> 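One structure, as structure tokens, below. Some questions next.
Atom set for the values below is all heavy atoms of this structure, side chains included, hydrogens, waters and symmetry mates excluded. All of these numbers come straight from a predicted model, not from anything done at the bench.
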Amino acid sequence: MAADTLTSKPGAQGGATGGLRRLLLDNGALTALIVLVIAMSALSGDFLTADNLLNVGVQAAVTAILAFGVTFVIVSAGIDLSVGSVAALSATVLAWSATEAGVPVALAVLLAVATGIVCGLVNGFLVSYGKLPPFIATLAMLSVARGLSLVISQGSPIAFPDSVSHLGDTLGGWLPVPVLVMVVMGLLTAFVLGRTYIGRSMYAIGGNEEAARLSGLRVKKQKLAIYAFSGLFAAAAGIVLASRLASAQPQAAQGYELDAIAAVVIGGASLAGGTGKASGTLIGALILAVLRNGLNLLSVSAFWQQVVIGVVIALAVLFDTLRRKAGATTPAAGASGGGSRGRQALTYVIAAVVAVAVVGATSLLHNGSSAGARPKIGLSLSTLNNPFFVQIRDGAEEEAKKLGVDLTVTDAQNDASQQANQLQNFTSGSLSAVVVNPVDSDAAGPSVRGANQAGIPVIAVDRGVNNADTSALVASDNVEGGALGAKALAEKLGGKGTIVILQGQAGTSASRERGAGFAEGLKAYPGIKVVAKQPGDFDRTKGLDVMTNLLQAHPDIDGVFAENDEMALGAIKALGSKAGTSVQVVGFDGTPDGLKAVRAGTLYASVAQQPSELGRIAVRNALRAAEDEKVEKMVKVPVKVVTKENVAGFEG
């Protein structure tokens with residue numbers, strides 16, 4: 001069931017109405033899942049297809065595996081915020097060991113699993129023996145594990161061994177391996193919780209830790225085991241995730257710990273401890289996957305998707321509160337008898353029959369509905385938290401409106417795995433073409449290959465896709481832009497001086513390429529010395545903070561190169577009156593705010609890429625590819641160094 005089986009207090013409302021009420025209360029998450037499936041089937045004719053339903057399973061897999069591990073912790077009244085970072089670290093250890101270190105793949109897998117378990121044991125030790133609150137202990141591990149992942153990988157994705165990457169494939173050409181792994185881990189979770197001593201101990205500790213200790217339970221040792229289980233499941237999730245992306249991404253699974261906790265809570269577990277089941281956690285993960293998948297298919301704004309998911313989580317907790325106030329009580333773990341299990345089975349059968357009947361009826365509404373429809377194109381952007389990519393979206397939307405195209409825009413939030421999910425959703429939908437701005441060129445490959453197999457043309461914009469076929473790449477050259485930025489800054493400084501570099505988000509291809517181009521261009525100016533490099537994550541606030549810190553160690557610098565305008569603007573704020581006078585700053589992207597600073601003289605130059613034009617050309621070429629017209633394989637949009645002398649009349 002979706003939550004622990006509940007029984008009403010004596011005197012609760014009886015009869016058929018009371019029975020239905022109890023059924024809904026006792027199976028709230030399952031009811032919600034059925035309603036969601038029916039609603040999405042009615043609203044979108046693309047939802048109820050075999051391919052799309054398998055997509056939902058694949059997209060739920062990583063969250064569900066993480067959530068199974070978190071279930072152990074929450075049942076025992078703890079919390080684990082580190083599982084996303086531990087997943088990324090475990091995958092990085094596997095990839096690095098098998099490739100860079102030359103360790104046999106089997107041993108590398110064991111090292112990855114051991115990494116997750118060790119991280120869990122450290123969490124358990126800090127909580128049990130260090131007396132740290134679980135929130136603080138696991139928050140510290142979140143930072144440590146993510147940092148170690150970046151240190152090991154040097155901020156760059158590492159190719160995953162082919163023998164392990166098969167975990168991201170399908171069996172028989174249709175059954176996804178991640179779904180099978182999810183099912184196995186779910187069965188293991190159910191067995192541990194319902195059939196083992198440590199499972200019963202988790203419920204006892206979560207129900208009343210002091211009573212459990214007085215009853216003879218070794219609570220401290222039990223907590224070590226509980227957090228070790230969480231680390232083990234996080235490692236498994238990380239391996240599955242990296243297999244899907246064919247690479248270990250040091251920034252992978254960011255925020256997944258919140259999804260995992262949400263899945264457990266939506267599934268009926270209480271953050272106060274003592275309740276929770278594997279089946280409920282699975283249903284919670286499926287609800288989140290169905291929501292994201294359905295909202296993508298319905299072209300709901302990426303920003304509104306976050307709002308909807310937040311509301312669902314809040315409603316789940318509210319429902320749990322109302323359920324308890326309504327008089328429902330939870331029996332002790334393992335107390336349910338054969339009759340209770342029979343009722344559970346009957347509930348699932350009834351739910352399946354109702355869902356199939358209603359969904360089958362609603363699917364008839366969509367028969368023949370696609371006739372005469374306008375062309376539909378999907379656009380997956382790496383992020384919409386950056387003016388450059390917002391301009392790409394604006395240009396794409398302007399061109400789509402002009403051409404009579406329905407454009408669906410999604411925001412990957414700089415998460416390669418989330419982008420993989422979005423591209424899978426596009427592939428299962430009735431789209432004419434897909435435009436993708438990859439978070440990472442390697443990680444986007446498997447999903448784009450899926451679109452290739454479905455016969456959907458793919459246009460890459462700003463960054464290319466590796467190991468897959470794209471009809472066209474519409475881009476400016478980041479490497480060339482970096483070299484132009486180096487030349488502009490060096491010539492402004494007269495060929496000598498000291499500079500600092502504000503790097504973009506570690507692991508992104510844009511940061512690597514712009515940095516490589518700048519380093520190459522700077523070789524022609526031996527009098528320029530780089531005294532510091534620090535990441536500002538393409539963010540204005542972080543650029544301000546990093547620049548402020550660097551000025552403490554290097555107060556007499558002559559120049560700054562920032563890998564985007566947002567960081568450059570943060571640096572200008574930190575420099576104050578020095579910006580544009582004693583210190584010259586060069587940015588990248590040619591955003592409206594960046595060009596405004598160029599006009600004001602505080603930003604010496606910006607390497608402008610004309611992002612709006614990138615978006616317009618990408619949509620234009622996507623429509624041509626969808627209509628089987630000839631498309632140039634490489635469409636270059638020139639970069640241009642914009643200074644105060646030529647900024648007038650320039651449009652980004």
Side-chain angles (χ1 to χ4, degrees), residues 1-9 12 20-37 60 63-80 182 185-187 189-194 199-200 202-207 230 233 258-291 309-336 340-341 343-348 350-351 355:
M1 293 196 316
D4 287 317
T5 304
L6 305 175
T7 57
S8 298
K9 290 179 179 179
L20 177 61
R21 175 174 170 271
R22 285 194 300 274
L23 180 65
L24 294 176
L25 284 173
D26 294 357
N27 300 277
L30 181 59
T31 303
L33 179 60
I34 293 171
V35 170
L36 266 178
V37 169
T63 299
I65 296 169
L66 284 175
F68 288 141
V70 173
T71 301
F72 298 131
V73 179
I74 289 180
V75 163
S76 61
I79 200 77
D80 192 347
M182 174 180 70
M185 300 305 279
L187 292 174
T189 303
F191 175 77
V192 170
L193 286 174
R200 292 189 291 274
M202 293 175 191
Y203 286 107
I205 294 169
S230 183
F233 277 64
L258 301 182
D259 277 1
I261 294 170
V264 178
V265 173
I266 290 172
S270 171
L271 289 174
T275 62
K277 275 196 171 185
S279 55
T281 297
L282 175 60
I283 290 172
L286 288 173
I287 286 175
L288 292 176
V290 167
L291 268 175
I309 291 170
V311 169
V312 168
I313 294 171
L315 289 176
V317 178
L318 178 62
F319 179 84
D320 181 66
T321 303
L322 294 175
R323 180 181 61 180
R324 295 175 188 281
K325 286 184 178 180
T329 58
T330 305
S336 58
S340 177
R341 286 193 292 270
R343 287 194 297 273
Q344 291 181 30
L346 180 60
T347 298
Y348 286 130
I350 294 174

> At their closest point, which heavy atom of Gly276 faces which heavy atom of Ala269, and how far apart are they?
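So the minimum-distance heavy-atom pair works out to CA-CB, 3.7 Å.
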> Are Thr71 and Phe233 close enough, and set up right, to give a side-chain contact (heavy atoms from CB on, under 4.5 Å), and what steps lead you there?
CA-CA 10 Å; Thr71 301; Phe233 277 64; over 6 Å; no
> If every non-hydrogen atom of Ala260 is compared with every non-hydrogen atom of Val70, which pair is closest and at what distance?
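Closest pair (atom of Ala260, atom of Val70, distance): CB-CG2, 4.0 Å.
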> Is any side-chain heavy atom of Asp80 closer than 4.5 Å to one of Phe72?
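No, every pair of side-chain atoms sits at 4.5 Å or beyond.
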> About how many Å separate CD1 of Ile79 and CD1 of Ile261, when rounded to the nearest 0.5 Å?
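Answer rounded to 0.5 Å: 3.5 Å.
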> CG of Leu36 to CG of Leu288: how many Å apart, nearest 0.5 Å?
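Between Leu36 CG and Leu288 CG, I get 10.0 Å after rounding to 0.5 Å.
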> For the residue pair Ser270 and Thr275, confirm or rule out a side-chain donor-acceptor distance under 3.5 Å.
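The answer is no; no qualifying pair exists.
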> Indicate the atoms forming the closest heavy-atom contact of Gly186 with Ala278, along with that distance.
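Reported closest heavy-atom pair: O-CB, 3.7 Å.
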> Does some side-chain heavy atom of Leu193 sit less than 4.5 Å from a side-chain heavy atom of Met202?
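Side-chain contact under 4.5 Å: yes.
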> Work out which heavy atom in Met185 is nearest to a heavy atom in Phe68; give both atom names and the distance.
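Nearest heavy atoms, Met185 then Phe68: C-CD1, 3.9 Å.
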> How far apart are the C-alpha atoms of Met182 and Leu282, what are their side-chain angles, what is the distance that settles it, and do they pass the side-chain contact (heavy atoms from CB on, under 4.5 Å) test?
CA-CA 9 Å; Met182 174 180 70; Leu282 175 60; 3.8 Å; yes
> Starting at OG1 of Thr63, measure out to CD1 of Ile287 and round the result to the nearest 0.5 Å.
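If I round to the nearest 0.5 Å, the distance is 13.0 Å.
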> At their closest point, which heavy atom of Ala77 faces which heavy atom of Ala272, and how far apart are they?
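Result for this residue pair: CB-O, 3.6 Å.
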> Kindly compute the distance separating CG (Leu286) from CD1 (Ile266), expressed to the nearest 0.5 Å.
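If we round to the nearest 0.5 Å, Leu286:CG and Ile266:CD1 are 11.0 Å apart.
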